[in-house]
Engineer: 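Shown below is the structure under consideration.
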Amino acid sequence: MANRDDISPFFHQTDRMRAVRWIVADGLTPYPAALAFMEERVAQIRSGEAEETVWLVEHPPLYTAGTSANPEDLLEAHRLPVFDAGRGGEYTYHGPGQRVAYVMLDLKRRKEDVRAFVASLEEWIIRTLASFNVKGERREDRVGVWVVRPDRPANANGSVAEDKIAAIGIRLRKWVSFHGISINVEPELSHFSGIVPCGINEHGVTSLVDLGLPVTMHDLDLALKAAFEDVFGPATSDRDEEPAPNLQAV
């Protein structure tokens, strides 16, 4: 089986469909509202009633559990609200200062290949980070994007320390994706200590600001969109073209 580094990073549509709808949410989005919106949008995409969609949000501080989550990895169960996400993966943290991108794409229009899709999500993140001169790297034994930290003490086995800067967790329904990625801009990193993030306790977690880069959420959003179009194809902005989901009604 090919390594993800050897998989083509491009995941463009195979036919001439409309551009992906790109929505940026204001404020903090309640997690149940995000789940409800994704459920509705995925069904609309599958039925042909809506375009593919990328939805950028921030959440209030919370933990989510994927389908492979080990209860023992929830170290402080009462620290923050915990939600069953229904996505793949284990426990992760979401909160202010972290950009979450929910990616609702029709893989039937692109490529019915989950490994290639994950590799493309990683490539999207890596290209986004590169615009800030951050070298993000993938690892074959763990999903997500990592940065090496030679400024930190080496690991117990003598290897160079590395921290996770971006997470990936997806779900597919009838080959339409939902959930997606998260990139740490300036979240409260101490909240990650309430869980074993993604079941990995031998490495740390970092953010763009923790790396000494004064990046704003708007800066990241611009880089995300440019890199997305490189990897996945055109995306149509944005706030003024599509009303935000009615979060208060959920």
Side-chain angles (χ1 to χ4, degrees), residues 1-24 38 41-42 44-46 48 50-57 87-89 99-148 162 164-185 198 208 215 219-238 241-242:
M1 182 180 294
N3 292 336
R4 293 199 303 280
D5 278 329
D6 299 326
I7 297 173
S8 170
F10 302 110
F11 213 79
H12 289 235
Q13 296 176 7
T14 56
D15 53 8
R16 291 182 175 274
M17 303 299 293
R18 296 181 65 180
V20 175
R21 177 64 65 193
W22 188 270
I23 308 173
V24 181
M38 284 191 286
R41 181 53 57 99
V42 164
Q44 292 171 337
I45 292 170
R46 182 71 286 141
E51 302 102 326
E52 297 177 301
T53 302
V54 172
W55 185 32
L56 305 186
V57 307
R87 55 160 174 77
R99 175 54 87 203
V100 177
Y102 290 126
V103 183
M104 291 157 274
L105 301 182
D106 186 351
L107 273 60
K108 285 184 175 291
R109 301 180 187 175
R110 296 171 181 271
K111 189 185 302 180
E112 294 178 31
D113 186 328
V114 177
R115 277 177 55 82
F117 181 49
V118 171
S120 296
L121 292 173
E122 291 172 335
E123 182 69 19
W124 176 26
I125 296 166
I126 289 167
R127 289 177 180 234
T128 299
L129 296 175
S131 65
F132 303 107
N133 295 315
V134 173
K135 185 181 180 182
E137 301 179 5
R138 55 169 59 88
R139 296 289 181 262
E140 280 302 311
D141 60 339
R142 38 194 152 95
V143 175
V145 174
W146 304 78
V147 293
V148 296
E162 55 188 43
K164 192 171 193 175
I165 194 167
I168 297 173
I170 62 169
R171 184 177 178 183
L172 298 178
R173 179 174 298 150
K174 297 181 179 178
W175 289 104
V176 179
S177 69
F178 53 128
H179 297 279
I181 70 169
S182 61
I183 300 179
N184 297 330
V185 179
C198 300
L208 288 167
V215 176
D219 294 334
L220 181 72
D221 289 349
L222 293 176
L224 273 168
K225 189 168 187 292
F228 179 89
E229 293 190 319
D230 286 343
V231 176
F232 294 97
T236 302
S237 293
D238 159 283
E241 297 186 13
E242 175 163 329

Engineer: After noting the C-alpha distance and the side-chain angles of Glu123 and Arg138, does the key distance pass the side-chain contact (heavy atoms from CB on, under 4.5 Å) rule?
Structural biologist: CA-CA 9 Å; Glu123 182 69 19; Arg138 55 169 59 88; 3.9 Å; yes

Engineer: Can any side-chain N or O of His12 pair as donor or acceptor with the backbone N or O of Asp230 at less than 3.5 Å?
Structural biologist: yes

Engineer: Have Gln13 and Glu52 got a donor and an acceptor in their side chains that come within less than 3.5 Å?
Structural biologist: yes

Engineer: Report yes or no: is the cationic atom of Arg127 (NZ for Lys, CZ for Arg) under 6.0 Å from the centre of the six-membered ring of Trp124, at an angle within 45° of the ring normal?
Structural biologist: no

Engineer: Check whether any side-chain heavy atom of Val176 sits under 4.5 Å from a side-chain heavy atom of Leu105, and report yes or no.
Structural biologist: no

Engineer: So do the side chains of Ile170 and Val103 get within less than 4.5 Å of each other, counting heavy atoms only?
Structural biologist: no

Engineer: Is Ile23 close to Val54 at the side-chain level, that is, under 4.5 Å between some pair of heavy atoms?
Structural biologist: no

Engineer: Going by heavy atoms in the side chains, are Leu208 and Asn184 under 4.5 Å from each other?
Structural biologist: no

Engineer: Using 4.0 Å as the upper bound for N to carboxylate O, is an ion pair formed by Glu137 and Arg139?
Structural biologist: yes

Engineer: Can you check whether Val147 reaches Val134 side chain to side chain, under 4.5 Å on heavy atoms?
Structural biologist: yes

Engineer: If you look at every heavy atom in Ala166 and Ile183, which pair is closest and at what distance?
Structural biologist: CB-CG1, 4.0 Å

Engineer: Heavy atoms only: give me the nearest Val118-Ile168 pair and the separation to one decimal.
Structural biologist: O-CD1, 4.3 Å

Engineer: Closest heavy-atom contact between Asp221 and Trp22?
Structural biologist: O-CZ2, 4.3 Å

Engineer: For a quick test of reading the model, state the closest non-hydrogen atom pair linking Glu162 to Val148 and the distance between them.
Structural biologist: CB-CA, 4.0 Å

Engineer: Mind checking whether Tyr102 and Phe178 have ring centres under 6.0 Å apart?
Structural biologist: no

Engineer: Step by step, would you call Phe228 with Thr128 a side-chain contact (heavy atoms from CB on, under 4.5 Å)?
Structural biologist: CA-CA 8 Å; Phe228 179 89; Thr128 299; over 6 Å; no

Engineer: Any side-chain heavy atom of Val215 within less than 4.5 Å of one from Leu129?
Structural biologist: no

Engineer: Nearest 0.5 Å please: distance from the OG atom of Ser120 over to the CD1 atom of Ile126.
Structural biologist: 10.5 Å

Engineer: Please round to the nearest 0.5 Å and tell me the distance separating atom CG of Asp219 and atom CG of Leu224.
Structural biologist: 11.0 Å

Engineer: At their closest point, which heavy atom of Ser177 faces which heavy atom of Leu107, and how far apart are they?
Structural biologist: CB-CD1, 4.2 Å

Engineer: Ala223 and Ser131: which non-hydrogen atoms are nearest, and at how many Å?
Structural biologist: CB-OG, 3.3 Å

Engineer: Is it true that a side-chain atom of Ser182 and a backbone atom of Arg99 form a donor plus acceptor pair closer than 3.5 Å?
Structural biologist: no

Engineer: Using a 3.5 Å distance criterion without hydrogens, assess whether the side chain of Arg110 forms a donor-acceptor pair with backbone atoms of Phe232.
Structural biologist: yes

Engineer: State which residue, out of Arg46, Arg18, Arg41, fulfils the salt bridge (Lys or Arg N to Asp or Glu O under 4.0 Å) condition with Asp106.
Structural biologist: Arg46

Engineer: In terms of ring plane angle, is the pair Phe117 and Phe11 parallel, tilted or perpendicular, where the classes change at 30° and 60°?
Structural biologist: tilted

Engineer: Does any part of the side chain of Val20, heavy atoms only, come nearer than 4.5 Å to the side chain of Glu229, both counted from C-beta?
Structural biologist: no

